[in-house]
Amino acid sequence: MKTAKYFLGFFVAAALMSSCVGDLDVTPIDPNADTADKVLNSEKAFTQYLAGVYTGFATSGYDGKDGGPSISGLDGGASQYIRGLYNLNELTTDESVVGWNDQTIKDLHWMTWTTTDVFVYSFYSRIFHQVSAANEFIREARKSNVDFAKKKEYIAEARVLRAISYLHAIDNFGNVPFATEDDVVGAFPSQISRADLFDYLESELKDLIDGNDLAAPRANGYGRADKGVAKFLLAKLYLNAEVYTGKARYSDCANVLKDLMDDGYSLHTTPNGTTFTAYQDLFLADNDTCTDEIIFAIGQDGVNTTSYGATNYIIFASTGGKMDASAMGISSGWGGLRTTPEFYNKFDPDDLRNLFWTEGGQQASIDDIGEFTNGYAFMKFRNVKANGEAGKELGAVDTDFPMMRYADVLLMAAECEARGAKVDGYTGFNEVRARAGMDRIAAPTLKDIIDERGRELYQECWRRSDLIRFGLFTTADYLWQWKGNTKDGQKVESYRNLFPIPASDLQANNKLTQNEGY
């Protein structure tokens, strides 16, 4: 699909799967089968359509994991949103490598991707599929004469979901095609600069936070967008402001974080069972119970909401070699994802977050990126409940993907304090360390903070953004195995701090220009 198609009106029809976001636990409407203006004719239809926008983050399409993806011309598994986010934001870093020969997948870790890379194109496409679905919902909802109590709230939720995708767009691609519900349907979108997209997101999120339409933090139910989600997004935007605009905004970030820290969230510190630690609870098949810490999650269900992406991808692809698949709560592994020795060495042996498979012939060094036994394997996410029982199915997982966590809020605050902002960030930083069984650091350095972020948030798709912000992604200041396609690692071109606009979209839309260096 060309960019132009993403901004055509989205299409709607009933599908055979369930959303898993509380009140939106309905059959979602697929934005691919009929025009929204013909469908949004009742409160139920509004609910179904909004559920469909949420479902766009969770699945590849609307007919189960084996059904056709919403993005034409791409593999259903590889084109799933969270899988694309993982590929571009973890496989390009020290955190993760994959040993498969799928098309250009190894180019991501080697940092040799091009403008025609299918995995770059896939995630780019998925971002704008989500933007378009949200735009269409907002546009038609505002035009509709149907009125009900939650109509404005639904529109506000869709705006937050759109902001999530635009945050991923500004972070990964910088200068991107841009459209809102006010643009002409079917027109080629113009390109917005990274700085201008920053200004738009800042204004949009502040309006949602200050307005009365969006639910208060923790008031909208698990897996639903609320003001807590909007604040988290605004904090991330400010945290990376210097990267996006050239001007640091750490004090503004700190102010948002202080607000978030008063919203009732907390670290999950009491285990839900006797088998796993409190930290592990956050990544298990019943992690939807961890509403104390999880601010926003992408729901997965082994029966009703399945795909070959999201946590299915993370769990199945992390399992291989002589690992016990049943201990991971699945039928068998795909033998793909492992970590580099440079990343593994950041963990103390007693760190409760040190959740890697190191036995059965597994070695730390990645002599051959194609061998699963080269590099320690991940055991962080599992399709197992806190009581030790497996999820509903062994062939698809129940484990939700926690996109936003309170631990990240505390670590962002610590970084802001270390960079000179007025916020008590070190207290929370040490609370995160205490949960992991680690000693207190009275005055953490920036190196302490980037390493702690890695240990706490690995496999949660923040690593690339963090390394860029700390000046470590493309430079020689930090090397890991196979960075730059050499075993010991080497610096790469600085323009790779952004991914390219796919060549196919440049050909389709003459309003777009390529990112510098490509």
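Computed from a predicted structure; not experimentally measured.
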Verify whether one side chain among Tyr54 and Glu157 offers a donor that lies under 3.5 Å from an acceptor in the other. yes
Check the pair Lys150 / Glu43 against salt bridge (Lys or Arg N to Asp or Glu O under 4.0 Å), numbers first and verdict last. CA-CA 9 Å; Lys150 291 190 174 184; Glu43 180 176 353; over 6 Å; no
Given the rule in the side chain to side chain contact (heavy atoms under 4.5 Å, CB included) test, do Asn135 and Arg162 qualify, once you have shown the distances and angles that lead to the verdict? CA-CA 8 Å; Asn135 279 346; Arg162 178 177 62 188; 2.7 Å; yes
Checking Leu506 now: which residues fulfil side chain to side chain contact (heavy atoms under 4.5 Å, CB included) with it, not counting sequence neighbours? Ile501, Leu512, Gln514
Could you check whether Asp171 and Ser465, counting side-chain N and O atoms only, form a donor-acceptor pair closer than 3.5 Å? yes
Is there a donor in the side chain of Thr47 and an acceptor in the side chain of Tyr154, or the other way round, less than 3.5 Å apart? yes
Does Phe148 have its ring centroid less than 6.0 Å away from the ring centroid of Phe46? yes
Of all pairs that satisfy salt bridge (Lys or Arg N to Asp or Glu O under 4.0 Å), the ones with a partner from residues 109-123, not counting sequence neighbours: none
About how many Å separate OG of Ser122 and CD of Gln103, when rounded to the nearest 0.5 Å? 9.5 Å
Does Lys392 have any side-chain hydrogen bond (donor to acceptor under 3.5 Å, both in side chains) partners at least two apart in sequence or in another chain, and if so, which? Asp301
With sequence neighbours left out, write down each residue that passes side chain to side chain contact (heavy atoms under 4.5 Å, CB included) with Arg142, or none if nothing qualifies. Ile138, Ile155, Arg159, Glu181
Assign the ring pair Trp482 / Trp110 to parallel, tilted or perpendicular, where the plane angle (0 to 90°) is split at 30° and 60°. tilted
So His129 and Tyr81, do their side chains get closer than 4.5 Å, heavy atoms only? no
Positive for side chain to side chain contact (heavy atoms under 4.5 Å, CB included) with Leu237, one of Leu234, Leu239, Leu233, Asn240: Leu234
Between Leu457 and Arg463, does the side chain to side chain contact (heavy atoms under 4.5 Å, CB included) criterion hold? Intermediate values first, please. CA-CA 8 Å; Leu457 300 169; Arg463 188 60 171 172; over 6 Å; no
Would Asp466 and Arg469 count as a salt bridge (Lys or Arg N to Asp or Glu O under 4.0 Å) if you check the C-alpha gap in whole Å, the side-chain angles of each, and the deciding distance to 0.1 Å? CA-CA 5 Å; Asp466 289 346; Arg469 189 172 65 256; 2.9 Å; yes
Go through the steps to decide whether Arg353 and Glu456 satisfy the test salt bridge (Lys or Arg N to Asp or Glu O under 4.0 Å), and finish with yes or no. CA-CA 7 Å; Arg353 300 165 300 189; Glu456 177 68 25; 3.0 Å; yes
Would you kindly say whether Tyr86 and Ser96 are connected by a side-chain donor-acceptor distance under 3.5 Å? yes
Filter on salt bridge (Lys or Arg N to Asp or Glu O under 4.0 Å), then keep only pairs touching residues 325-339, sequence neighbours left out; what's left? none
Could you walk me through whether Phe356 and Tyr344 pass the ring-ring contact (aromatic ring centres under 6.0 Å, His included) check? CA-CA 8 Å; Phe356 296 91; Tyr344 176 78; 5.4 Å; yes
For this output row, return yes or no: ring centroids of Phe499 and Tyr124 closer than 6.0 angstrom. no
Can you check whether His268 reaches Arg405 side chain to side chain, under 4.5 Å on heavy atoms? no
What is the ring orientation for Phe381 with Phe401, classed by angle as parallel under 30°, tilted 30 to 60°, or perpendicular over 60°? parallel
In sequence, state the C-alpha distance, the side-chain angles, and the governing distance for Leu205 and Tyr166, and then conclude on side chain to side chain contact (heavy atoms under 4.5 Å, CB included). CA-CA 11 Å; Leu205 291 167; Tyr166 268 137; over 6 Å; no
When rounded to the nearest 0.5 Å, the distance separating CZ of Phe57 from OG1 of Thr305 is 14.5 Å
Can you label the angle between the Trp100 ring and the Tyr313 ring as parallel, tilted or perpendicular, going by 30° and 60°? tilted
Going by the rule side-chain hydrogen bond (donor to acceptor under 3.5 Å, both in side chains), which residues pair with Asp263 if we only count those two or more places apart in sequence or in a different chain? Lys231
So, taking the atom named NZ in Lys385 and the one named OG1 in Thr289, what distance separates them when rounded to the nearest 0.5 Å? 10.5 Å
Just say parallel, tilted or perpendicular for the rings of Trp480 and Phe473, cut-offs at 30° and 60°. tilted
Tyr376 and Phe347: aromatic ring centres closer than 6.0 Å? no
Side-chain heavy-atom pair Pro271, Asp281 within 4.5 angstrom cut-off: yes
Carefully, step by step, assess Asp408 and Phe232 under the rule side chain to side chain contact (heavy atoms under 4.5 Å, CB included). CA-CA 9 Å; Asp408 196 354; Phe232 186 98; 3.5 Å; yes
